J.: 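Got a structure here, written out as structure tokens. Questions coming.
For the numbers below, each heavy atom of this structure counts, side chains included, while hydrogens, waters and symmetry mates do not. Remember, it's a predicted structure, so these values are computed and weren't measured experimentally.
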Amino acid sequence: THGLNEVDTQFAANWPAMKKAGLIRGPYQYFLPGQGGLEQAKLFVSKLQAAGGLDAADLPPVLDLEATDNLSAAQILAAADAWVAHVEATLHRHPLLYTGPYFWDDHKLGTSYAARPLWTANYNVTCPLIPDAWKAWTFWQTSSKGAVAGITGNVDLDVYNGTAAQLSAFIAASKIPVLDGGGGKDLARGDGPAPVDGARDLRPADSAPREGGAGAEVGLERASAPPEGGCCSVAGTPPAWSALVTLLLLGVWRRTRRTH
């Protein structure tokens, strides 16, 4: 969805088709803060649920925050908080944030979202710029002029900063368990960090769920942190892994516009 007035007309067909094709998929909201955070979240959730909802292997929802609608920083954050709160309450996932320093830093949006995984865009560089509040990127949109068989015209290219196993851990760590009122059974699909007070907060890595019953704890920060070698490295060499992730992400998010 793009605000309240634009919805991908192919989403209802593409969402189940991506799963059938074996792609890891994830839903995406281009956010317009002036149109109301809660209203956009309700539309986003309704379209997703009508198409079949989230499965355990799906990527978390994405909030694309790069438009001000002439609002103040406080108003933008309040609208984003409302979107995040509704999405977390209904989909039981911690969203990731798409933004960049050209927006976040220029409009002085602070550090309140810095614990959330970052998807940034920076083209024609070997190392992406990220907002000052973040220490690392999780997804990087590297180009707006890619080419993929079966798609006409330019396509955005993206990579994930990690291995296949780390991507699975990242997905698992985004899940918020839903407990029943009796024995505490988790009613959500898969394990995940428990909800916290405040839409912008995440549990620290040492309080995250255990992965696969093996005792290894996985948190959003830990799962999304880059491997050794610097903030610009993409783990999982040989390069074929990066190409695989690029194609995978192209099937996940269909961009409607890009201005940088």
J.: Would Val7 end up clustered with Trp15 when hydrophobic side chains under 4.5 Å apart are linked, directly or stepwise?
T.: no

J.: Do Tyr123 and Lys145 have side chains that get closer than 4.5 Å, going by heavy atoms?
T.: no

J.: Can you see which heavy atom on Ala80 is nearest to which on Leu65, and at what distance?
T.: CB-CD2, 4.2 Å

J.: Can you tell me how far the SG atom of Cys127 sits from the CG atom of Asn122, to the nearest 0.5 Å?
T.: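 Answer rounded to 0.5 Å: 8.5 Å.
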
J.: Which class fits the ring pair Trp137 and Trp140: parallel under 30°, tilted 30 to 60°, perpendicular over 60°?
T.: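 It falls in the perpendicular class, over 60°.
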
J.: Locate the shortest heavy-atom distance separating Gln35 from Leu4; write the atom from each residue and the value.
T.: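 So the minimum-distance heavy-atom pair works out to OE1-N, 2.6 Å.
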
J.: Have a look at Leu97 and tell me which of Asp64, Val84, Leu63, Thr120 forms a side-chain contact (heavy atoms from CB on, under 4.5 Å) with it.
T.: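 Between Leu97 and the candidates, side-chain contact (heavy atoms from CB on, under 4.5 Å) is satisfied uniquely by Leu63.
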
J.: So which of Asp158, Thr99, Thr138 actually passes side-chain hydrogen bond (donor to acceptor under 3.5 Å, both in side chains) with Trp119?
T.: Asp158

J.: Do you know the tightest heavy-atom contact between Ala57 and Ile171?
T.: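 Result for this residue pair: O-CD1, 3.5 Å.
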
J.: Look up atom CD in Gln40 and atom NE2 in His2, then write down how far apart they are to the nearest 0.5 Å.
T.: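 Gln40 atom CD to His2 atom NE2 measures 9.0 Å (nearest 0.5 Å).
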
J.: What are the two closest non-hydrogen atoms of Ala114 and Ala133, and how far apart are they?
T.: CB-O, 3.2 Å

J.: About how many Å separate OG1 of Thr1 and CG of Leu43, when rounded to the nearest 0.5 Å?
T.: 5.5 Å

J.: Decide yes or no for Asp58 and Ile24: does some side-chain heavy atom of the first lie under 4.5 Å from some side-chain heavy atom of the second?
T.: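 No, too far: nothing below the 4.5 Å cut-off.
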
J.: Following the transitive rule for hydrophobic clusters with a side-chain heavy-atom cut-off under 4.5 Å over Ile, Leu, Val, Met, Phe, Trp and Tyr, establish whether Tyr102 and Ile130 coincide in one cluster.
T.: yes

J.: Is the shortest heavy-atom distance from the side chain of Pro27 to the side chain of Leu54 under 4.5 Å?
T.: yes

J.: Output, in order, the C-alpha distance, side-chain angles, deciding distance and verdict of side-chain contact (heavy atoms from CB on, under 4.5 Å) for Phe103 and Leu109.
T.: CA-CA 9 Å; Phe103 179 79; Leu109 294 174; 3.4 Å; yes

J.: The criterion is side chain to side chain donor-acceptor pair (under 3.5 Å); which residues satisfy it with Thr111, sequence neighbours excluded?
T.: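 Once residues adjacent in sequence are excluded, Thr111 has no partner under the side chain to side chain donor-acceptor pair (under 3.5 Å) criterion.
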
J.: Would Glu88 and Lys175 pass as an ion pair if we require N to O under 4.0 Å?
T.: no

J.: I would like to know whether Asn154 and Ser144 meet side-chain contact (heavy atoms from CB on, under 4.5 Å); could you show each step before the answer?
T.: CA-CA 7 Å; Asn154 292 333; Ser144 63; over 6 Å; no

J.: Does Asp105 use its side chain to pair, donor to acceptor, with the backbone of Pro131 at less than 3.5 Å?
T.: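 No, the answer is negative, given that no donor and acceptor are paired below the 3.5 Å cut-off.
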
J.: Kindly say whether Gly34 contributes a backbone atom to a donor-acceptor pair with the side chain of Asp69 at under 3.5 angstrom?
T.: yes

J.: Would you mind reporting whether Gln49 and Leu91 have side-chain heavy atoms less than 4.5 Å apart?
T.: yes

J.: For residues Val87 and Pro61, report the shortest heavy-atom separation together with the two atoms involved.
T.: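 Closest approach of Val87 to Pro61: CG1-CG, 3.8 Å.
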
J.: Side chains of Leu59 and Arg25, heavy atoms from C-beta outward: is any pair under 4.5 Å?
T.: no

J.: Hey, could you give me the CG/NE2 distance between Asp81 and His86, rounded to the nearest 0.5 Å?
T.: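 Answer rounded to 0.5 Å: 15.0 Å.
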
J.: Does the side chain of Gln166 pick up a donor-acceptor pair with the side chain of Tyr160 at under 3.5 Å?
T.: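 There is no such pair between these side chains.
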
J.: Walk me through whether Val62 and Tyr30 qualify under side-chain contact (heavy atoms from CB on, under 4.5 Å).
T.: CA-CA 8 Å; Val62 178; Tyr30 189 97; over 6 Å; no

J.: Can you name the residues that form a salt bridge (charged side-chain N to carboxylate O under 4.0 Å, His left out) with Lys19, not counting sequence neighbours?
T.: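 Partners of Lys19 by the salt bridge (charged side-chain N to carboxylate O under 4.0 Å, His left out) criterion, ordered by chain and then number, come out as Asp55.
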
J.: Which heavy-atom pair separates Pro95 from Pro60 by the least distance, and what is that distance?
T.: CA-CB, 4.5 Å

J.: Below 6.0 angstrom between ring centroids: does that apply to Phe44 and Trp83?
T.: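 Yes: the rings meet the under 6.0 Å criterion.
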
J.: At what distance, to the nearest 0.5 angstrom, does CG of Leu32 lie from CD1 of Ile76?
T.: 11.0 Å

J.: Side chains of Asp132 and Trp104 only: does a donor on one sit below 3.5 Å from an acceptor on the other?
T.: no

J.: Could you walk me through whether Tyr98 and Phe31 pass the side-chain contact (heavy atoms from CB on, under 4.5 Å) test, one step at a time?
T.: CA-CA 10 Å; Tyr98 180 105; Phe31 192 66; over 6 Å; no

J.: Kindly state whether the ring of Phe170 and the ring of Phe139 have centres lying under 6.0 angstrom apart.
T.: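 For Phe170 and Phe139, the ring centres are under 6.0 Å apart.
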
J.: Working to the nearest 0.5 angstrom, can you tell me the gap between Lys20 NZ and Asn14 CG?
T.: 13.0 Å

J.: Using a 3.5 Å distance criterion without hydrogens, assess whether the side chain of Arg93 forms a donor-acceptor pair with backbone atoms of Ile176.
T.: no

